[in-house]
Amino acid sequence: IINMWKENSPKMVEKYAEQLKDIISKCISDNIVVENMAHWEPAANDDDWRKVVNEKIWSKKDKDGNIVANKFRPYKHQYESWKTLLNDNKSIVVTSGTGSGKTECFMVPLVHDLTKEQNNDVPRKQAVEALFLYPLNALMEDQKQRMDNYIAFSGKDLKFAVYNGNTPEDENSPKYDNSSLYKNEILTRREIRAIKPNILFTNPSMLEYMLLRKVDSDLFTNELKWIVIDETHTYKGSAGAELAMLIRRVLKACGKTADEIKFATSSATIGSGDEAKSKLKEFISQITGQSQDKIEVIEGRRTDPNVDD
């Protein structure tokens, strides 16, 4: 901290240093481990990924919402995920560390897939085409802005909604608050049932209720194409068995088989080697009901920096 200090007076720096040492000694443990992390390995070149997804979707915005870049290179594991889902027509389980952009591994190709046939003559389908399952409501809220951005970048028309215990029934509900409503978001349960968002964020408990309620039955149709399961490793033991049965009930309600769905799942980093990959494939196959030969494990890898540079 002191080395980065911009104060011009050496005496002031000395005084600040004394105060900082005193503060640190009282509030921070002496046993601090600092790990220097290398960058995630980028895709090999700029041309390959552009052949897979609409490059407009892969964009960045500044703080004012203006697009500042839409041709920057994704990470290798992101590109491999896009290619596996869209070109190879397989499902994926992404296992990578924190901050590696796992969300983009499935959100970008999903938006591309749902918008690729849209034009003036082919409007948005009024049907749920993708289910996102999250173990925690907070994780859904965190993803809404990303989804809204990618839909906006595509230049096409998609709608998404969060359906959980906090979703208001209608505008008269005490829970109703549209102060932070996104452009492509549907807010209430009544609107969800009437307008039918293309993308629905929910959790296993609410999905269970939706399957039981007649008023929600029209949300389950054969237009379902994607099921995204975040933090799949958290579904262990009985929770995993319950999720597996829930997925099968959803597929039955939609008149689909597991092999007709693109499953995109994420998991904590696993051990290295073929045996670890094989066990992870087996686990995802048990959850989704999809055959193991249709599931690919995508690993994020960090670059090997040249320490001599």
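In this chain, residues are counted from 1 in sequence order.
A search for side-chain contact (heavy atoms from CB on, under 4.5 Å) contacts involving Asn166 returns Asn137, Asn164, not counting sequence neighbours. Every residue two or more places apart in sequence or in another chain that forms a side-chain contact (heavy atoms from CB on, under 4.5 Å) with Leu136 is listed here: Leu139. Applying the side-chain contact (heavy atoms from CB on, under 4.5 Å) criterion to Lys144, with sequence neighbours excluded, gives Glu141, Phe160, Val162, Tyr182, Glu185. For Glu104, the salt bridge (charged side-chain N to carboxylate O under 4.0 Å, His left out) partners at least two apart in sequence or on another chain are Arg146. Remark: Glu260 pairs with no residue by the salt bridge (charged side-chain N to carboxylate O under 4.0 Å, His left out) rule, at least two apart or across chains. Applying the side-chain contact (heavy atoms from CB on, under 4.5 Å) criterion to Tyr209, with sequence neighbours excluded, gives Met206, Arg213. Listed by chain and number, the residues in a salt bridge (charged side-chain N to carboxylate O under 4.0 Å, His left out) with Lys83 are Asp88 (sequence neighbours excluded). With sequence neighbours excluded, no residue forms a side-chain hydrogen bond (donor to acceptor under 3.5 Å, both in side chains) with Glu80. For Lys90, the side-chain hydrogen bond (donor to acceptor under 3.5 Å, both in side chains) criterion is met by Glu296, not counting sequence neighbours.
Within a 6.0 Å sphere centred on NZ of Lys156, other residues, nucleotides and ligands contribute more than 12 heavy atoms. Heavy-atom neighbours of Gln126 CD from other residues, nucleotides or ligands within 6.0 Å: above the threshold of 12.
Applying the ring-ring contact (aromatic ring centres under 6.0 Å, His included) rule to pairs touching residues 128-148 yields Phe132-Phe201, Tyr134-Phe201, sequence neighbours excluded. For residues 238-253, every residue pair satisfying the side chain to side chain donor-acceptor pair (under 3.5 Å) rule, not counting sequence neighbours, is listed here: Glu208-Arg249. Residue pairs satisfying the ring-ring contact (aromatic ring centres under 6.0 Å, His included) criterion with at least one member in residues 77-96, sequence neighbours excluded, are listed as follows: Trp40-His77, Trp58-Trp82, Tyr75-His77.
For the atom pair CE of Met140 and CE of Met147, the computed distance is 13.0 Å after rounding to the nearest 0.5 Å.
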Please lay out, stage by stage, how Leu187 and Tyr176 fare under the test side-chain contact (heavy atoms from CB on, under 4.5 Å). CA-CA 8 Å; Leu187 189 57; Tyr176 184 81; 3.6 Å; yes
Applying side-chain contact (heavy atoms from CB on, under 4.5 Å) to Val297 and Lys281, what does each step give before you reach the verdict? CA-CA 7 Å; Val297 178; Lys281 271 191 177 186; 3.8 Å; yes
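Of all heavy-atom pairs spanning Lys294 and Gln290, the tightest one is O-OE1, 3.8 Å. Nearest approach of Lys56 to Phe153, heavy atoms of both residues: O-CB, 3.0 Å.
Between the side chains of Asn89 and Lys262, a donor-acceptor pair is found at a separation under 3.5 Å. For the residue pair Gln78/Ser81, the side-chain donor-acceptor check at 3.5 Å is not satisfied. With no hydrogens or angles considered, no side-chain donor-acceptor pair links Asp259 and Thr257 at under 3.5 Å.
Looking at Glu299 and Lys277, a side-chain N of the basic residue comes within less than 4.0 Å of a carboxylate O on the acidic one, giving a salt bridge. Ion pairing between Glu55 and Arg50 holds under the 4.0 Å rule for side-chain N and carboxylate O. Ion pairing of Lys225 with Glu223 is present here, as a side-chain N (NZ or NE/NH1/NH2) and a carboxylate O approach within less than 4.0 Å.
Contact annotation: the side chain of Met210 approaches that of Leu219 to within less than 4.5 Å [non-hydrogen atoms, C-beta and beyond]. In this structure, Glu129 and Ile199 have side chains that are not in contact, with every pair of non-hydrogen atoms separated by 4.5 Å or more. In this structure the side chain of Ile227 never reaches within 4.5 angstrom of the side chain of Thr288, judged on heavy atoms. Asn203 places none of its side-chain heavy atoms less than 4.5 Å from the side chain of Tyr163. Side chains of Ile229 and Ile247 form a contact here, defined as non-hydrogen atoms less than 4.5 Å apart.
When Leu85, Val128, Asn198, Leu131 are each tested for a side-chain contact (heavy atoms from CB on, under 4.5 Å) with Trp226, only one passes: Leu85. Each of Arg190, Arg193, Lys196, Arg189 was evaluated against Asp216; a single residue qualifies, Arg193, per the salt bridge (charged side-chain N to carboxylate O under 4.0 Å, His left out) test.
A continuous path of ILVMFWY side-chain contacts below 4.5 Å connects Leu200 to Ile195, so both sit in one hydrophobic cluster.
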